[in-house]
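First comes the structure, then the notes that go with it.
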Number of protein chains: 2
Amino acid sequence: MDPMTSSALHTPRGPVTRKDVARYAGVSTAVVSYVVNGGPKRVAPATEAKVQDAIRVLGYRPNAAARALKLGSSETLGLIVPDNSNPFFSLLAHAVEDAAADLGYALVLTNSDGNLAKERRNIRNLAARQVDGVLLASVLFEPDLDDLEKADIPSVLMNHGREAAGFNSIGVDLAAGARIAVEHLIGHGHTRIGLAMGTNVSGEVDGRERGWLEALRDAGVPEGQIVHGEFTRPGGHLAGQRLIASANRPTAIFASSDMQAIGILRAVREAGLTVPGDIALASFDGSVESEYSWPALTTVEQPVRAMAEAAVAALVGAGRGEPAQHRIFPTQLRVRQSCGCP
Amino acid sequence: MDPMTSSALHTPRGPVTRKDVARYAGVSTAVVSYVVNGGPKRVAPATEAKVQDAIRVLGYRPNAAARALKLGSSETLGLIVPDNSNPFFSLLAHAVEDAAADLGYALVLTNSDGNLAKERRNIRNLAARQVDGVLLASVLFEPDLDDLEKADIPSVLMNHGREAAGFNSIGVDLAAGARIAVEHLIGHGHTRIGLAMGTNVSGEVDGRERGWLEALRDAGVPEGQIVHGEFTRPGGHLAGQRLIASANRPTAIFASSDMQAIGILRAVREAGLTVPGDIALASFDGSVESEYSWPALTTVEQPVRAMAEAAVAALVGAGRGEPAQHRIFPTQLRVRQSCGCP
DNA sequence: TTGAAAGCGCTAACAA
DNA sequence: TTGTTAGCGCTTTCAA
């Protein structure tokens, strides 16, 4: 049979459906389903060949919406980040997309732009779209779990520091990471170590601040100065300027994110000073950008890939259905030049 | 009526559907639809209030899959990029997400990781998911349009240099942008201007190479050296090393992307040279990172936001249904310090 | 202004 | 091994 003719005959209008395939192959729609999905019933080889042929000739593509409706699953995951142009989150998004794709899931990406209202809208929107799970990197340290709870969708809190009853969450040990970085700075002989923190909305003290403080105390080093700013390059720039202008200018700074450190680098140069000569610097995250700055940043690296995989697994992989848990991943100090190491 | 009781009464099993709402409100399912969608029929205010109430009490959320099946539209767009952790593409993704969200569309993000097979798989996957349009930033300069054509989905080629018959495409005038940057370098008195190009798979000469060459010729400056490398920091690093090691070392380099320039910056420093003192540098893209490097990069900025909006509009906005066209956006030279300007 | 009902494409239970 | 068919939740035409 001439494929062209048949195709014209069988797909006069609109897209090809399972029915068209069935008719062309001379079988029932059920058999087409069995072939397409590899089950749940077996199909005779000859029949399968006919069906495969029909699919190819007609250019049939299953309708995912219909499947989602029937199955109650869209095979889609939702990711909510404050800003996916921030290198940390863009890496996270990439890793999550990879992990999801490995399991046959697509990823819907949404940005909250540091805006809580938008974050909540995103949660509701994803819920309405029947995503099978959402990964939330909240703009808040303590996200509004109400929305997520009401959405009634498997979820995991990313980039999250502490236990949240009834929720999966994934994060790194901020305090331990900060501590090791600050200890490294202390090892270089510094005794005036400032801290550039993020803007912490929660009532609780951020782990990085705790780690910084503990390292200082344990070493008998006087408590340094704290400046708060956004987790961005401009935020770090501002924080750096403030730290540099302060009466008792620190000889070292620990920044709570690489982006801030990049901004601090600029502030130091603008002040006619150098890193690490005048001010040593260490930061948090381990983004690629930290490797190519000048000088290269000594930074506490987060295992983004592993965290993304764990998150996806908890939602739709091996960990699905298991009780919610808080998973903490280890960080690793990447020693480069900004701290004063050669 | 006690909401708790009613809720318990009306949602004994599973998620709340439109039927539950109709029963609770004492109306038909059609009316619920009218209320939820604001049409196509008008509903009496009193009835509407009852329905709204029922929706709130029962916590009803419309099922997007069912809607998509009925309407033949998932109100979803697909974006395919080579690598969304590349700052240029992460910015593009963010801008596209914003533009799509404004029109009520969600964005499915996929990475091809520089892999053509994966790109094609992504196209097919998005097509199966009934996305209403796909934005393709191909790993190739001349993408395989067959796949896209077969998918039979509205699409637009992003980051695309030339006309492709029957396809929407959006890009920037690469040659003009390169030209203005190289002219600027020439204005600084340079006569040995190298070019760090990307890896061009197409047979055609990349616009940036053409612009570079034309600027040189028009100014009567001898043709410089070309080195090819990946559009990444390490790719630029390598390209920089090669350019620096060459017999007739250039005094200025034009890089075809910011990421390459960042890598070149590192190569120059490692060689004990400085930018712009020993080697002046200008690049292409205008990513945020270029503003915070040291020295800050003089770069040809692409209007990413505008391009993203135009792409989304062509797919599901005002431009939907219009004949396919190739849209070229203007670039702008951001003069900073890497070129030698103060 | 409201309601009844058909049907979007698919899966899978059940029947043959 | 294959076929028939109900029904997933929604939109909308047509009738009341």
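In what follows, chains carry the letters A, B, and so on, assigned in the order in which the sequence lines appear, proteins first and then strands, with residues in each chain numbered from 1. Reckoned from all heavy atoms, side chains included, excluding hydrogens, waters and symmetry mates.
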Inset, instruction - Considering non-hydrogen atoms only, spot the tightest contact between A:Ile328 and A:His326 and give its length. - result: CG1-NE2, 3.6 Å
Inset, instruction - Identify, with sequence neighbours excluded, every residue that meets side-chain contact (heavy atoms from CB on, under 4.5 Å) alongside A:Ala100. - result: A:Leu77, A:Tyr105
Legend entry - Backbone of B:Ala127 reached by a side-chain donor or acceptor of A:Arg61 within 3.5 Å: yes
With respect to the phosphate group of [N], does any side-chain polar atom (N or O) of [X] fall under 4.0 Å of OP1 or OP2?
X       : N      : value
B:Arg67 : D:dT11 : yes
B:Asn37 : D:dT11 : yes
A:Ser33 : C:dT11 : yes
A:Thr29 : D:dG3  : no
A:Tyr60 : C:dC10 : yes
A:Thr47 : D:dT2  : yes

Inset, instruction - Take the C1' atoms of the five end pairs on each side of the helix from C:dT1-D:dA16 to C:dA16-D:dT1, derive the two axes, and give their angle rounded to 10 degrees. - result: 40°
Inset, instruction - Among the candidates C:dC10, C:dC8, C:dG3, find the nucleotide nearest to the side-chain atoms of B:Leu69. - result: C:dC8
Inset, instruction - State which of C:dA5, C:dT2, D:dG3 makes the closest approach to the side chain of A:Ala30. - result: D:dG3
Inset, instruction - May I ask you to verify whether the side chain of A:Lys70 and the base of D:dG7 hold a donor-acceptor pair under 3.5 Å? - result: yes
Legend entry - First of B:Ala66 and B:Ser28 reached from the 5' end of DNA chain C, by closest nucleotide: B:Ser28
Inset, instruction - Give B:Ala44 one of three labels, base, sugar-phosphate or nothing, depending on what nucleic acid heavy atoms sit under 4.0 Å from its own. - result: sugar-phosphate
Inset, instruction - For A:Val27, answer base if it contacts any base atom (sugar-phosphate contacts may also be present), sugar-phosphate if it contacts only those atoms, and nothing otherwise; contact means non-hydrogen atoms under 4.0 Å. - result: sugar-phosphate
Inset, instruction - Kindly compute the distance separating CD1 (A:Ile153) from CG (A:Leu148), expressed to the nearest 0.5 Å. - result: 8.0 Å
Legend entry - Nearest-0.5 Å distance that lies between atom CG in A:Leu116 and atom NZ in A:Lys118: 12.5 Å
Inset, instruction - In plain terms, say whether A:Arg56 and A:Asp53 are close enough for a salt bridge, that is, a side-chain N and a carboxylate O under 4.0 Å apart. - result: yes
